[in-house]
Amino acid sequence: MDKLINILNSQQQKAVAAPSGPTLVLAGPGSGKTRVLTYRIAYLISAMNVPPWNILAVTFTNKAAKQMGERVGQLIGAQADGIWLGTFHSICGRILRREADLLPVNRDFVIFDVDDQESLMKEILRESNLDEKRFKPSSILAAISTAKNDLTTPENFPVNNYYDEQVKRLYALYQQRLARNNAMDFDDMLVYTNQILESYPVVRETYGHKFEHILVDEFQDTNYAQYSILQNLARVHNNLYVVGDEDQSIYRWRGADYRNLERFRRDFKGANVILLEQNYRSTQIILDCAMAVIDQNTNRTRKKLFTDASVGDKLRLIVAEDDREEAQLVVNDIRDGIRSGRNPSEYAIMYRTNAQSRILEEAFRREGISYRLVGAQRFYGRKEVRDIIAFLRLIYNPMDEVSLRRVINLPPRGIGDKTVANLAEISNRSGLNMGEVLLDLTNPASPALIELGRNGEKLARFGRLLSQWRAMAQSDSLSNLFDRVVLDTEYEAYIRDKSEEGQDRWENVLELRSVAMEYETRGLQEFLEAMALVADQDTLPETLDAPTMLTLHAAKGLEFERVYIVGLDEMLLPHSRSRDDEEDLAEERRLLYVGITRAKRKLTLTRAMRRRSLSGMYEDTVPSRFLKDLPSGLVQEDLYAQPRRSSYNWERETSAWERPSWMRDSRVPMDKPTKTKFKTGMQVRHATYGRGVVKNSKLEHGDETVEVYFEGHGLKALIASMAKLEIL
């Protein structure tokens with residue numbers, strides 16, 4: 001082990017060989033924290049003789065857990081077998097199924113994802129006669145999630161107004177309905193685990209003794225419920241080893257609380273604190289710019305990032321006339337790089353919101369360049385995939401009424417809404433779950449079968465299928481069960497029409513089957529849990545053959561040779577929602593810091609001097625306040641906006657929301673047109689789009705904007721002074 005540690009730098013060695021006791025490793029971006037965690041686990045087993053089954057290691061994605069397990073195995077081989085390694089939710093799932101007797105659900109519970117939760121909440125709202133427009137399911141669920149992250153029960157939910165009263169009542173009903181479905185949501189997995197550890201000292205002591213050493217990755221992204229779980233598990237041995245960086249805490253909106261780092265210092269007195277500041281990813285100029293941005297935040301441990309790599313090129317700032325030009329300039333730059341021989345996978349474009357991807361996609365399509373869009377409809381979110389998973393969930397847990405309602409008439413088998421409503425009514429009267437009533441209908445003497453009349457036999461036929469599938473699940477393989485469900489329901493014929501889309505849908509079903517094959521020996525329960533807990537990054541291939549587009553949030557944990565961060569304008573980055581909240585604004589700054597530090601060799605920032613609003617009109621923009629924090633000597637500015645004006649004065653002392661004077665008038669050409677040149681119906685030619693017909697033309701911002709329909713390209717809005725349209 002000593003020989004292995006010798007390849008680490010001095011601070012990494014110090015972190016890996018830290019003595020027992022609470023340890024906080026503050027790891028800057030690209031500083032090798034994954035390597036430190038991996039070597040720490042190997043060190044515990046090889047040098048400190050800790051049995052692997054007494055080690056708990058927690059990560060935030062399945063992908064990270066898998067990589068860490070593989071790396072530990074490469075270091076110490078079979079000695080690593082038996083480590084409890086996984087995400088918070090997967091670890092909690094293991095504990096909850098073991099301790100299911102202490103829960104309001106049984107050990108066959110299923111996990112409801114976001115879509116399942118919304119379906120359930122909509123049903124509760126309908127039954128409560130509440131208007132979904134006023135009480136949006138997503139907003140209600142967000143409030144409930146926040147409460148759960150803070151370990152606030154329905155009974156203790158704070159009420160300040162009528163809306164809060166309704167949320168409190170809906171929260172209680174929601175929990176009751178989850179239990180009725182023998183289900184829990186993601187937050188419940190944390191809440192129930194914490195409740196068990198808090199309420200049952202014997203259980204807490206059992207797991208506390210078992211986990212002699214607890215290691216946590218991305219500690220800054222933990223919420224209060226997760227912190228409480230860790231605190232309970234570490235009570236016996238006090239060996240809590242956490243790795244994190246408050247500067248990379250960017251998930252406050254989903255409950256993450258970087259203040260857990262301060263809680264750790266407070267609750268674990270005398271903790272060993274180690275800084276990792278040597279960066280192995282980026283050039284020094286990129287690091288200097290990143291530090292210049294993040295150093296404006298307060299209440300943090302300052303880190304001096306350095307690298308032995310090259311100083312590197314200056315950051316590039318592109319200032320475009322409008323958002324369409326901004327997108328085109330970025331794509332043109334990537335196109336030229338690919339033509340010069342660079343691998344397309346070297347490039348990544350990052351943005352604050354998913355909506356910003358559309359205009360970039362259009363630019364890529366115009367240039368005929370393939371691209372990879374992270375955060376688009378996930379494979380596991382596609383209808384056909386969710387359909388099959390719903391069948392399998394119902395087989396595993398017939399109490400899952402959300403899945404039952406989804407598949408009971410899928411493909412159509414003559415079971416309409418009224419029949420389902422009758423089934424639900426019988427279920428409520430009898431005290432049985434809808435799935436239990438459905439299975440009971442297979443008995444010819446069932447009173448419910450008689451009550452349902454001719455529709456009863458339709459339900460009974462489906463009940464018999466469900467019963468047969470459940471019997472098969474006990475004795476046969478997962479792949480055979482999968483095939484039987486598809487065959488019995490004639491699902492292939494249902495989705496596989498003669499269209500290309502139908503073929504794609506069927507291929508998605510086959511892809512899901514191949515995933516199921518990976519769980520052949522582990523069984524249906526582990527397969528369903530994995531499907532519920534999969535994250536976007538878990539499905540991202542290791543290597544890509546195309547430029548990647550993704551949000552700054554999705555970029556966490558990734559790295560690329562050449563990065564473009566677009567939309568450095570106020571109201572975009574920082575986002576408009578952050579303008580009145582200092583904590584939110586600090587997180588926006590951290591978000592940019594994360595984006596900057598994803599770049600290995602080349603970083604380009606872009607902004608547009610005007611953007612189209614939702615109404616279709618152009619609106620002037622203000623440069624992001626974060627731009628003035630960049631050292632002027634490290635930034636090369638490419639000003640594409642017309643007319644060319646002097647560069648932005650980086651040292652200018654202005655208020656955060658003030659527009660520099662050169663920007664207030666730079667959109668106005670010296671010879672402003674007083675009337676439109678292009679008329680509706682006029683035929684024109686464009687160098688890129690070819691021949692088109694003018695649909696509309698108007699003066700705005702001192703220039704003429706022309707909307708032209710081009711065959712094969714659709715409707716385009718062009719700035720007349722830049723488009724160089726030829727009138728035919």
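All values reported here derive from a predicted model rather than from experimental measurement. Values below: every heavy atom of this structure, side chains too, minus hydrogens, waters and symmetry copies.
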(request) State whether R590 and E587 are salt-bridged, where the test is any N-O pair (Lys NZ or Arg NE/NH1/NH2 against Asp/Glu carboxylate O) under 4.0 Å. (result) yes
(message) Run the side chain to side chain donor-acceptor pair (under 3.5 Å) test against R691 and tell me which residues pass, sequence neighbours left out.
(response)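 R691: side chain to side chain donor-acceptor pair (under 3.5 Å) contacts with Q683.
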(request) State which residues pass salt bridge (Lys or Arg N to Asp or Glu O under 4.0 Å) with D569; sequence neighbours excluded, sorted by chain then number. (result) R607, R611
(message) List the residues meeting salt bridge (Lys or Arg N to Asp or Glu O under 4.0 Å) with E518, not counting sequence neighbours, and say none if there are none.
(response) none
(message) When you measure from the side chain of K383 to the backbone of R505, do you find a donor-acceptor pair of N or O atoms at a distance under 3.5 Å?
(response) no
(message) Among residues at least two apart in sequence or on other chains, which ones pass side-chain contact (heavy atoms from CB on, under 4.5 Å) with T551?
(response) Y351, N354, H553, A554
(message) Taking the basic N atoms (NZ, or NE/NH1/NH2) and the acidic carboxylate oxygens, is any pair closer than 4.0 Å for K304 and E277?
(response) no
(request) Salt-bridge test for E367 and R335: reply yes if a basic N is under 4.0 Å from a carboxylate O, no otherwise. (result) yes
(message) By the salt bridge (charged side-chain N to carboxylate O under 4.0 Å, His left out) test, which pairs, at least two apart or in different chains, include something from residues 591-605?
(response)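 The answer is D313-K602, E559-K600, E561-K600.
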(request) Please identify each residue that fulfils side chain to side chain donor-acceptor pair (under 3.5 Å) with S697, with sequence neighbours left out. (result)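 Testing S697 for side chain to side chain donor-acceptor pair (under 3.5 Å), a comparison that skips the adjacent residues, returns E704.
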(request) Identify the two heavy atoms, one from L552 and one from I250, that lie closest to each other, and give their separation to 0.1 Å. (result)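 That would be O-CD1, 4.2 Å.
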(message) Under 4.0 Å between a side-chain nitrogen and a carboxylate oxygen: does that hold for K303 and E246?
(response)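 Salt bridge present between K303 and E246.
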(request) Please confirm whether the backbone N or O of Q278 pairs with a side-chain atom of S31, one donor and one acceptor, at under 3.5 Å? (result)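 Side chain of S31 to backbone of Q278, a donor-acceptor pair under 3.5 Å: no, none is there.
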(message) According to salt bridge (Lys or Arg N to Asp or Glu O under 4.0 Å), who are the partners of E588, at least two apart in sequence or on a separate chain?
(response)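 Listed in chain order: R352.
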(request) Identify, with sequence neighbours excluded, every residue that meets salt bridge (Lys or Arg N to Asp or Glu O under 4.0 Å) alongside R300. (result) D247, D295
(request) Kindly write out the residues that satisfy side chain to side chain donor-acceptor pair (under 3.5 Å) with R339, not counting sequence neighbours, or none if the list is empty. (result) none
(request) List for me each residue that meets ring pair (Phe, Tyr, Trp, His ring centres under 6.0 Å) alongside F678, sequence neighbours excluded, and say none if there are none. (result) none
(request) State the CZ-CG distance between R35 and L276, to the nearest 0.5 angstrom. (result)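 Atom-to-atom, R35:CZ and L276:CG are 12.0 Å apart.
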(request) Check L573 against S624 and note the closest heavy-atom contact, atom names and distance. (result) O-OG, 2.7 Å
(message) So which atom in A348 and which in L550 form the shortest heavy-atom distance, rounded to 0.1 Å?
(response) CB-CD2, 4.4 Å
(request) Verify whether one side chain among Q503 and E507 offers a donor that lies under 3.5 Å from an acceptor in the other. (result) yes
(message) Is any side-chain heavy atom of M682 closer than 4.5 Å to one of I727?
(response)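 In short, these two side chains touch, coming nearer than 4.5 Å.
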(message) Checking side-chain polar atoms at under 3.5 Å, does N297 have a donor or acceptor matched by the opposite partner on Y593?
(response)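 There is no such pair (donor and acceptor under 3.5 Å, judged by atom type) between the side chains of N297 and Y593.
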(message) According to side-chain contact (heavy atoms from CB on, under 4.5 Å), who are the partners of D113, at least two apart in sequence or on a separate chain?
(response)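 By the side-chain contact (heavy atoms from CB on, under 4.5 Å) rule, D113 matches D115, D116, F186, R386.
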(message) So which atom in L287 and which in S282 form the shortest heavy-atom distance, rounded to 0.1 Å?
(response)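 Smallest interatomic distance, heavy atoms only, reads CD2-CB, 3.9 Å.
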(request) Identify whether the distance between the nearest side-chain nitrogen and carboxylate oxygen of R589 and D629 falls below 4.0 Å. (result) yes
(request) Any ring-ring contact (aromatic ring centres under 6.0 Å, His included) involving residues 353-372? Give me the pairs, sequence neighbours left out, ordered by first then second residue. (result)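 Only F364-Y371 qualify under ring-ring contact (aromatic ring centres under 6.0 Å, His included).
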(message) Taking the side chain as everything from C-beta on, heavy atoms only, tell me whether D322 gets closer than 4.5 Å to E325.
(response) yes
